[in-house]
Amino acid sequence: MSSSRLADLLLLGSGSDLSSERGVSCTGDLPEASDPTLVARAIAAKEALGSRVMILGHHYQRDEVIQFADITGDSFKLAQAAAEQSTAEYIVFCGVHFMAESADILTSDSQKVILPDLAAGCSMADMATASQVDQCWKELSQLGLAEKTIPVTYMNSSAAIKSFTGKNGGTICTSSNAEKTLRWAFAKGEKVLFLPDQHLGRNTAVENLGLSLEDCVVWNPWKLMGGLTEEEIRSAKMILWRGHCSVHGRFNRQSIDDFRIRIPEIQIIVHPECQHEVVTAADFVGSTEKIIQTVSNAAPGTQWAVGTELNLVGRLAASNPDKKVFFLDRTVCYCSTMNRIDLPHLVWTLESLVNGQVVNQIKVDPETAKFSKVALEQMLAL
Ligand code: SF4
């Protein structure tokens, strides 16, 4: 994205610039980012692989990578695409680690899922470890509450947490289907343990299901009993894990108020991983797919401030020249882990495959995969 286009998006100033840290998570020599033949090399390698390769690209990926994706989407759409894909030998997943794990779980044993940079993780997924979640479940069991509690786990979690969810009768959700999954869970049990994003859980419970903020408690995995009293746990309907997205969690109410003063006709649309005060102050809330549809289908001449990842907002602005599309907050930046997948890593991955070398394969162990699949298929069935 050019600096002038970035400045337009940010409305004032140039905001934070992209950190171009380079990963070392590959076993060969990465091409130089300055290599002028990178695009031609990617095209040639993709052509040489033909139908043996499918490239999935998350909406938050860089322009230089997303241009090579066969399918683009949010984590839900890409999980569906992986599940439906039965022919390609290689699934190159341009996204983050937990998404590649889900793709491996949902594809056949003969297919290989590849993450071009193994350092492309997710800070939110890392906020819930298997041992922390096991300890939480043990403490809920000691209170006699585990059997009444349904785990609902956001797609943005490790395979180990998805497996825990499948073993304990729960389901996976995404930002597209969180309401549907919570309604399913409350029809099945009295309480929900929502992992790992507290904001998506709270926003969906309060704004879509009509629960109160008092019905929700936050479980701090670093404290005994989540830092809660027995009474607080017993009376809660939603037990929210203390996790958040390091990108969406930074949008704030002040940015919305500032936009409304500067541009009274502005319409604000944000992702449900944002804080509750941001979601309630916005005009629209939705998954990345819903954000794209809403802005794309809006009337010409309308003005939008969008609270989600900057790569997506940049492409939304470029593909809607008849509207004004701004980034909601000048202090929020790209998802740094998503941005680790760059063109050199993609070229290295594709050329390695052409040479018969499978690099950076993501493989979930069979036991974890078995119960993760139970939870993922429950979501897809809903
Ligand atoms: S945008 Fe947030 S939830 Fe998505 S990969 Fe980045 S840190 Fe994780």
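Sequential numbering from 1 along the given sequence is applied to the chain's residues. Both counts, for ligands and for their atoms, begin at 1 and track the order of listing.
- A donor-acceptor contact under 3.5 angstrom links the side chains of Ser255 and Asn252, judged on distance only.
- More than 12 heavy atoms of other shown residues, nucleotides or ligands fall within 6.0 angstrom of atom CZ in Arg260.
- The pair Arg253-Asp257 meets the salt-bridge criterion, since a charged nitrogen lies less than 4.0 angstrom from a carboxylate oxygen.
- Note on residues 66-75: pairs passing side chain to side chain donor-acceptor pair (under 3.5 Å), not counting sequence neighbours, are Lys46-Asp70, Asp74-Ser176.
- Checking Thr87 against Gln85 by side-chain atom types alone, a donor-acceptor pair falls below 3.5 Å.
- Side-chain atoms of Ser212 and Asp215 form a donor-acceptor pair, as typed in the model, at a separation below 3.5 Å.
- The Tyr60 neighbourhood of ligand 1 comprises atoms 1 (S), with distances under 4.0 Å to a heavy atom of that residue.
- For the pair Leu38/Pro344, a side-chain contact is recorded, criterion being any heavy-atom separation below 4.5 Å from C-beta on.
- Atoms of the protein (N, O or S only) found under 2.8 Å from atom 8 (Fe) of ligand 1 are Cys122 SG.
- Residue Glu273 has at least one heavy-atom neighbour below 4.0 Å for each of these atoms of ligand 1: 3 (S).
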